[in-house]
Amino acid sequence: MKDCIVLGAGMVGVGTALALQRLGVAVTLADRRPAGEETSYGNAGIIQMEAVEPYPFPRQAGEILSAALGFNDKVRWRAGSLHRWAWPVLRYFLASAPASHRRIAAVYSAMIRQAGEDHAPLIEAAGAGDLIRRDGFRDVYRKPRSFDQAVHEAERLRQEFGVAARIETGQDLAQAEPTLRIGLAGAVHWTDAWSCADPGALTAAYARLFSARGGTTVTADATTLRQTAGGWRIDGPDGPIEAEHVVVALGPWSADLLRPLGYRIPMFFKRGYHQHFTGGRGPDLPLIDADRGIVVAPMRKGLRVLTGAELTDLTAGATRHQIDRARMSAGELFDLGTPVESEAWFGNRPCLPGMLPIVGRAPRHKGLWLNFGHGHQGFTLGPTTGRMLAGELAGNERVPGELGVGGEG
């Protein structure tokens, strides 16, 4: 029997551990914190089967300038760390050219459309159905022009990829979401997507399923990883843990871990903040204010308000700018109530210039495997890329070449 250490207990790591386990691999899942308490905790909780194209770098000069100057709520740049992320972001801009983006989307969409099929059996087996709704989410638009463009885009995605959506006028939206404080131009209701009332809890439920099926979970420091004559070793709480294979699924921390091994991963980070509110009157379904780049999502802990992205360095401290702007915009739409936490949570989405995650065998080290760089969609794609990697590691299938390390490492 093959054995493997999976480093990282977020959705990607847990999804990988479960997929390897299902194929008969003896797996140890290792993280410094309990499952689902890092990046997988802080997202909007949407399993986005409609997101068949990755987010491209904006092509409009005005949008780029507003982000650079800090006026764009969707994306904001922190210039103090520009030297750390300028080169990968430039590569991201080049990869976002229309022809290149279409090629990338062809691979990306194939993964996204499998996400529901990969999550569904895990949700059932983990007894986590109470966390999931299968009635989609809404992109809402304040401006008629942006709404008209969104309607056109939704029709394109329907024709090219079969993505289902319901177009709602401002009046339709007001009837569907009666707690809205202001009139809006309209909404696109993406009906293929699922939403989760607690993404960290769903990740933890998957981890408990992994343990119940005989998997081993340990608290350990991934930076103790060392190659041995027979494979790989980390320092565990009760001594060394060794295995023939190791999977690096550490999200935003993956590039730093791999650097001493000679891999230069051009990763950059889209930081997001969120804060919960209680006592107000929020939306029925999760809602993206597309003109402002914020998300308002009902969760078990309260109404979660999430910000747009902040391009920054992984080690940079938190700021109040993004969450304050998001709270103001969300408060225009709904009565938020009062904050649950005194300070906003923040995390960093691990992004790669090519907009595809790195999934598969590392090129220069036997037994080293990579599964990270999912950008906005780690919560959606974790079980899918985990299944893909597990199939290759167990010798059952090959990961498509576009998802390998080539071009990113």
Side-chain angles (χ1 to χ4, degrees), residues 9-15 34-51 55 112 115-116 118-120 122-124 126-140 177 187-209 251 270-278 280 282-290 293-309 322-323 326-327 330 333-334 336 339-341 344-350 374-384:
M11 182 59 80
V12 175
V14 173
E37 291 194 0
E38 294 277 7
T39 307
S40 293
Y41 162 75
N43 58 73
I46 304 174
I47 299 174
Q48 289 192 252
M49 278 85 79
E50 93 300 337
Y55 293 106
I112 283 286
D118 289 320
H119 274 280
L122 300 181
I123 291 168
E124 181 177 358
D130 61 315
L131 295 174
I132 302 298
R133 290 183 61 172
R134 291 174 167 83
D135 45 4
F137 74 97
R138 290 183 172 91
D139 278 332
V140 303
E177 295 287 4
V188 177
H189 181 179
W190 301 104
T191 55
D192 287 344
W194 301 350
S195 60
C196 177
D198 190 332
L202 183 64
T203 308
Y206 287 2
R208 290 193 297 272
L209 175 63
K270 293 182 180 180
R271 176 171 293 179
Y273 298 79
H274 82 235
Q275 196 165 19
H276 293 98
F277 298 82
T278 188
D284 176 51
L285 290 179
L287 175 152
I288 298 178
D289 181 348
I294 67 163
V295 182
V296 184
M299 299 254 174
R300 291 202 305 191
K301 197 172 180 179
L303 197 64
R304 181 176 287 189
V305 175
L306 301 101
T307 71
Q322 291 288 88
I323 192 64
R327 180 176 179 176
L333 299 179
F334 299 101
L336 301 181
V340 174
E341 308 96 343
W345 178 94
F346 71 90
N348 300 284
R349 303 179 187 101
H374 295 67
H376 293 260
Q377 301 298 351
F379 185 70
T380 297
L381 288 176
T384 298

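Rounding to the nearest 0.5 angstrom, the gap separating the CG atom in L306 from the CG atom in D289 is 12.5 Å. Summarising the geometry, atom NE2 belonging to H189 is positioned 9.0 Å from atom CZ belonging to F137; distances are rounded to the nearest 0.5 Å. With values rounded to the nearest 0.5 angstrom, I123 atom CD1 is found 4.0 Å from I132 atom CD1.
Considering only residues two or more places apart in sequence or on other chains, H274 meets the ring-ring contact (aromatic ring centres under 6.0 Å, His included) condition with Y41, H276, W345. The salt bridge (charged side-chain N to carboxylate O under 4.0 Å, His left out) search around D118 returns R387, not counting sequence neighbours. D284 is linked by a side-chain hydrogen bond (donor to acceptor under 3.5 Å, both in side chains) to R133, counting only residues two or more places apart in sequence or in another chain. Scanning for side-chain hydrogen bond (donor to acceptor under 3.5 Å, both in side chains) contacts around S40 gives an empty result, with sequence neighbours left out. Checked against side-chain contact (heavy atoms from CB on, under 4.5 Å), A330 has the following partners two or more places apart in sequence or in another chain: I294, V296, V305, L336. Among residues two or more places apart in sequence or in another chain, the side-chain hydrogen bond (donor to acceptor under 3.5 Å, both in side chains) test is passed with Q48 by E50, Q377. E124 is linked by a side-chain contact (heavy atoms from CB on, under 4.5 Å) to nothing, counting only residues two or more places apart in sequence or in another chain. Residues meeting the side-chain contact (heavy atoms from CB on, under 4.5 Å) test with P350, sequence neighbours left out: P252, M267. Applying the salt bridge (charged side-chain N to carboxylate O under 4.0 Å, His left out) rule to R138 yields the partners E168, E177; only residues at least two apart in sequence or on another chain are considered. Under the side-chain contact (heavy atoms from CB on, under 4.5 Å) criterion, E38 pairs with R32, R33, W253, sequence neighbours left out. Taking N348 as the reference, R271 meet the side-chain hydrogen bond (donor to acceptor under 3.5 Å, both in side chains) condition, with sequence neighbours excluded.
Scanning all heavy atoms of the two residues, the minimum distance from T203 to A9 falls at CG2-O, 3.8 Å. Closest heavy-atom contact between V14 and A207: CG1-N, 3.6 Å. Closest heavy-atom contact between K270 and A309: CB-CB, 3.8 Å. In terms of heavy-atom proximity, S195 sits nearest to G136 at OG-O, 4.5 Å. Considering all non-hydrogen atoms of both residues, A187 and V140 come closest at CB-CG1, 3.9 Å. Taking each heavy atom of M49 and G116 in turn, the nearest pair found is SD-N, 3.6 Å.
A side-chain donor-acceptor contact under 3.5 Å links Q275 to the backbone of E341. Distance alone, capped at 3.5 Å, places no donor-acceptor pair between the T307 side chain and the A326 backbone. With hydrogens and angles ignored, the 3.5 Å screen pairs no side-chain donor or acceptor of H376 with any backbone N or O of N43.
The stretch residues 196-206 participates, sequence neighbours left out, in these salt bridge (Lys or Arg N to Asp or Glu O under 4.0 Å) pairs: D198-R300.
With contacts defined as side-chain heavy-atom distances shorter than 4.5 Å, the pair P286/R304 does not qualify. Looking only at side-chain heavy atoms (C-beta outward), I112 and L381 come within less than 4.5 Å of each other. With contacts defined as side-chain heavy-atom distances shorter than 4.5 Å, the pair F346/I323 does not qualify. Within the 4.5 Å cutoff, the side chain of C196 has no heavy atoms near those of the H119 side chain. The shortest side-chain heavy-atom distance between T39 and F379 does not fall under the 4.5 Å cut-off. Between H374 and T380, every side-chain heavy-atom pair lies at or beyond the 4.5 Å cut-off.
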Could you walk me through whether I46 and W190 satisfy the side-chain contact (heavy atoms from CB on, under 4.5 Å) test, starting with their C-alpha distance in whole Å, then the side-chain angles of each, then the deciding distance to 0.1 Å, before giving a yes or no? CA-CA 11 Å; I46 304 174; W190 301 104; over 6 Å; no
